[in-house]
Novice: 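Please see the structure below; I have some questions.
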Amino acid sequence: MRYSQFFIPSLKEDPKEAVLQSHKLMLRAGYVRQFSGGIYAYLPLGYKSLKKLENIIREEMNNAGAIELSMPFVQPLELWKQSGRDKDYGKELLRFKDRQDRDFCLAPTYEEAITDLVGKNVHSYKELPLTLYQIHLKFRDEMRPRYGLMRAKEFIMKDAYSFDIDSEGLDESYRKMKKAYTNLFKRLGFDFIFIKADSGEIGGSYSEELMVISEYGEDKIAICNNCGYSASLESAVSAGNFPEPLKSCRQPKMTKLATPDKKTIEEVSGYLKIDAESFAKTIIYESEIGFIAAMVRGDREINEHKLKKIAEVKELNLAKEKDIENITCAPCGFAGPFGLQNIKLIIIDEEIQAQEYWITGANEKDFHMANVKPGRDFIADITADIRTVKDGDICLRCAGRLNVKNTIELGHIFKLEEKYSSVMDAGFLDEKGINKHFVMGCYGIGVGRTFQALIEIFSDENGINLPVSVSPFAVSVVSLNPNDENIKNIADKIYSDLLKSGIDVLYDDRKLSAGVKLKDNDLIGIPMKIIIGNKTIKENKFELSIRKTGEKEFYDNLEDLYARIKEFSLIDGFIK
RNA sequence: CGGGAUGUGGCGCAGUUGGUAGCGCACCUGCUUUGGGAGCAGGGGGUCGCACGUUCAAAUCGUGUCAUCCCGACCA
């Protein structure tokens, strides 16, 4: 491909709408363009690279015995009424009508479609097990799309669905697919981990998320450095700090401490010169059953997911400042667990119950209270684990330490069991002639997200730096003086030689200054450059510049140069 | 959906107390250049997101609205 005839609108400056390095680079390198929040076009260069990634995914899926198909992106809403998910999905499901006034939606996922399809076309246990997959669009009307392809409304996903005769079969299909994921993400060079997850809207009995560890990730997980325990921060548990009760017979009474204008734990702890661990914070929430007070140690955060489950509520929000003033009879920042008005539940963390004395708010402006004793000065309705795991916490299973890390969720695999096949009545006859529902699994990979995550990893200050197996081109021929007849002839020849030998080559024949061309070729992520200019031509040498290392190699003849390019092209190279 | 920020040629930005818009890059023409974002000369392009209002006069002030981005609640 000649650069001058291709379409690569590169940008010299960072676009202001992008914040992640990968997002900036995809825009600058002319890989993608945004049309609306969360809606992107893949430009030729990005599309070419994306297709290479898709083909690697395809290979691993096919190796695992999955079969590719493509289902409709526009779906009759009726399908979603059958499963009942038209209601569950809410506003994420984009609905519209056709000219006959029939209801349709853009597919946010494909469980209904595949269950319908297989239900209508598979009738016997002899045709099972079966795993089908596709790589194409999904649309979710996200409340907040962001970070480029990382969270888009319209996005590309690989989704696979397995159909088995029983749970044992599902276990086997699930195991195979998990193995395929492991192979794939290892091959792509990611540092990843599976964690057990909530099944969310998709549902089912068991699910695991494939998390890639990245400082730019939006999700936090906790990993034990000893036993390998891992969980999302929402569900992670750690061993609490439960000190031995003091032996002393003295029972100090609650004592007021003046803390003028000191509201946050940090401020009070700094003012009184006492560790945050000695404080208990009291947070007021509002829920559909009324106000709830929750307490954790001063240096900790409340885990609202745990709190919701314990309190058995669906809605949980921090109470408004006005309500807090009414409940605690003090301005926000001085709440304590005693004498609270209009509180339905007091829920305290196990650590609060376990320690004898705490410093809390005094429910009075500019005062805190010392020697507050659980059970004496206030009574909790429920004591439970409602704390968020902190980096360095002790693992509940072993003596190891928990590390909290940022991650990006690139895959999610589910055991659906009969969730969809039963509501949609999709099944088969078993060997005894009895009607059974399919036992299903589903397996997703965010392809666009994975693509961007690759660029996040494989890039540097000069631009995108992808390995050959996913780079848009393997090599570029950069003609520094396209007006020089001699140089032009040599560059033309090398270009056509490489084309003939099947190398994916970009020929930068533009009549621009040398610097622009070299910078562009670095930016857009071409792993190798053959640089043709007077300097090397005079010495009868051919120069190959390796993008990853910045090293320059010189060859006396074209055969050696071509051999080197072929050799380099064969390396998968997903090693940083 | 709540909180915050920003909308000015293609891109990135400046524009003071209101007086009718400018810079860099990109683009077009010509010449000279070509080893890391070239030089000279000439040139084109903006009803300042949109609407309404205040004013003799609005990019600038007010109200509303839309879009984009960031933080939070959800997700691949």
Side-chain angles (χ1 to χ4, degrees), chain A residues 9-20 23-24 27-28 30 33-39 88-92 108-110 135 137-159 181 197-202 207 209-212 217-219 232 234 304-305 308 314-318 320 407-414 442-453 462-463 478-484 487-488 510-523 529 531-538 543 545 550 552:
Chain A
S10 66
L11 268 28
K12 200 178 276 189
E13 294 180 79
D14 281 340
K16 63 175 169 186
E17 73 261 26
V19 27
L20 283 194
H23 187 196
K24 288 178 185 171
L27 290 164
R28 281 191 55 204
R33 282 293 182 270
Q34 185 180 104
F35 274 70
S36 167
I39 298 179
D88 300 342
Y89 247 99
K91 287 189 170 174
E92 304 253 302
T109 178
Y110 290 82
I135 297 176
L137 288 179
K138 291 189 173 183
F139 190 96
R140 293 181 192 167
D141 201 352
E142 289 280 345
M143 27 189 153
R144 181 144 103 89
R146 62 183 129 169
Y147 301 142
L149 305 179
M150 282 295 178
R151 175 175 301 157
K153 287 185 165 188
E154 180 183 290
F155 59 102
I156 298 171
M157 192 156 153
K158 187 286 304 176
D159 47 334
Y181 274 44
D198 272 348
S199 299
E201 217 56 75
I202 312 278
S207 86
E209 289 169 329
L210 187 148
M211 311 300 289
V212 167
E218 294 180 75
D219 303 311
S232 69
E234 291 167 10
E304 295 182 3
H305 288 267
K308 256 190 201 175
K314 285 193 177 130
E315 292 292 324
L316 190 71
N317 292 302
L318 286 174
K320 294 180 189 72
T407 56
I408 308 169
E409 182 185 356
L410 294 187
H412 201 158
I413 56 180
F414 302 79
C442 81
Y443 317 90
I445 292 173
V447 176
R449 187 179 275 190
T450 302
F451 184 56
Q452 190 173 336
N462 294 317
V478 184
S479 168
L480 293 185
N481 316 48
N483 294 326
D484 181 308
I487 283 174
K488 183 180 174 299
R510 295 176 298 168
K511 293 178 170 33
L512 295 172
S513 71
V516 174
K517 285 183 281 199
L518 293 170
K519 286 281 187 193
D520 264 343
N521 280 276
D522 284 348
L523 172 66
K529 293 189 290 288
I531 300 173
I532 303 165
N534 282 319
K535 212 157 95 182
T536 43
I537 293 305
K538 265 187 230 154
E543 176 183 341
S545 167
K552 296 183 170 187

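For the numbers below, each heavy atom of this structure counts, side chains included, while hydrogens, waters and symmetry mates do not. Keep in mind it's a predicted model, so treat the numbers as computed, not measured.
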Novice: Write down the distance between CE (A:Met150) and C1' (B:C74), rounded to a whole number of angstrom.
Specialist: 18 Å
Novice: Return the pairing partner of B:G37 with a 3.5 Å limit on both distances, Watson-Crick or G-U wobble; otherwise return none.
Specialist: none
Novice: In whole Å, measure the gap between the C1' atoms of B:G62 and B:A58 for me.
Specialist: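 Straight-line distance between the two C1' atoms is 11 Å.
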Novice: Any side-chain N or O of A:Arg510 under 4.0 Å from OP1/OP2 of B:U34?
Specialist: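 Checking B:U34 against A:Arg510, no side-chain N or O comes under 4.0 Å of OP1 or OP2.
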Novice: Give none if B:C1 has no partner; otherwise give the nucleotide forming a Watson-Crick or G-U wobble pair with it, both distances under 3.5 Å.
Specialist: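 B:C1 is paired with B:G72.
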Novice: Within the pair A:Ser513 and B:A38, is there a side-chain N or O less than 4.0 Å away from OP1 or OP2?
Specialist: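 For B:A38, OP1 or OP2 has a side-chain N or O of A:Ser513 closer than 4.0 Å.
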Novice: Rounding to the closest angstrom, what is the interatomic distance between B:G39 and B:G45 at atom P?
Specialist: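 Per the computed distance, 24 Å lies between those P atoms.
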Novice: Check whether any side-chain N or O of A:Tyr147 sits under 4.0 Å from OP1 or OP2 of B:A76, and answer yes or no.
Specialist: no
Novice: Starting at CZ of A:Arg140 and ending at C1' of B:A76, how long is that distance when rounded to a whole Å?
Specialist: 6 Å
Novice: Once you apply the 3.5 Å cut-off to both distances, tell me the Watson-Crick or G-U wobble partner of B:U6, or none.
Specialist: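 For B:U6, the partner nucleotide comes out as B:A67, under the 3.5 Å rule.
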Novice: If only side-chain N and O atoms of A:Arg146 are considered, is one of them under 4.0 Å from the OP1 or OP2 phosphate oxygen of B:C70?
Specialist: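 Answer is no, no contact under 4.0 Å.
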Novice: Using Watson-Crick or G-U wobble geometry with both distances under 3.5 Å, which nucleotide pairs with B:G12?
Specialist: B:C23
Novice: My understanding is that a pair needs two contacts under 3.5 Å, Watson-Crick or G-U wobble. By that rule, which nucleotide pairs with B:G42?
Specialist: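 Answer to the pairing question: B:C28, which forms a Watson-Crick or G-U pair with B:G42.
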Novice: Write down the partner of B:A58 under the Watson-Crick or G-U wobble criteria, each distance required to be under 3.5 Å.
Specialist: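 Across all strands, not a single nucleotide pairs with B:A58.
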Novice: When the nearest nucleotide of RNA chain B is assigned to A:Lys153 and to A:Val516 on a heavy-atom basis, which residue is associated with the more 5' position?
Specialist: A:Val516
Novice: Less than 4.0 angstrom between a side-chain N/O of A:Gln34 and OP1 or OP2 of B:C69, yes or no?
Specialist: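 Result: yes.
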Novice: Respond yes when some side-chain nitrogen or oxygen of A:Lys511 is under 4.0 Å from OP1 or OP2 of B:U32, and no when none is.
Specialist: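 The answer is no; no side-chain N or O of A:Lys511 sits under 4.0 Å from OP1 or OP2.
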Novice: What integer number of Å spans the C1' atoms of B:G10 and B:A51?
Specialist: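 About 26 Å, rounded to a whole number of Å.
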Novice: Can you measure A:Lys535 atom NZ to B:G36 atom P for me and round it to whole angstrom units?
Specialist: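 The distance from NZ of A:Lys535 to P of B:G36 comes to 8 Å, rounded to the nearest Å.
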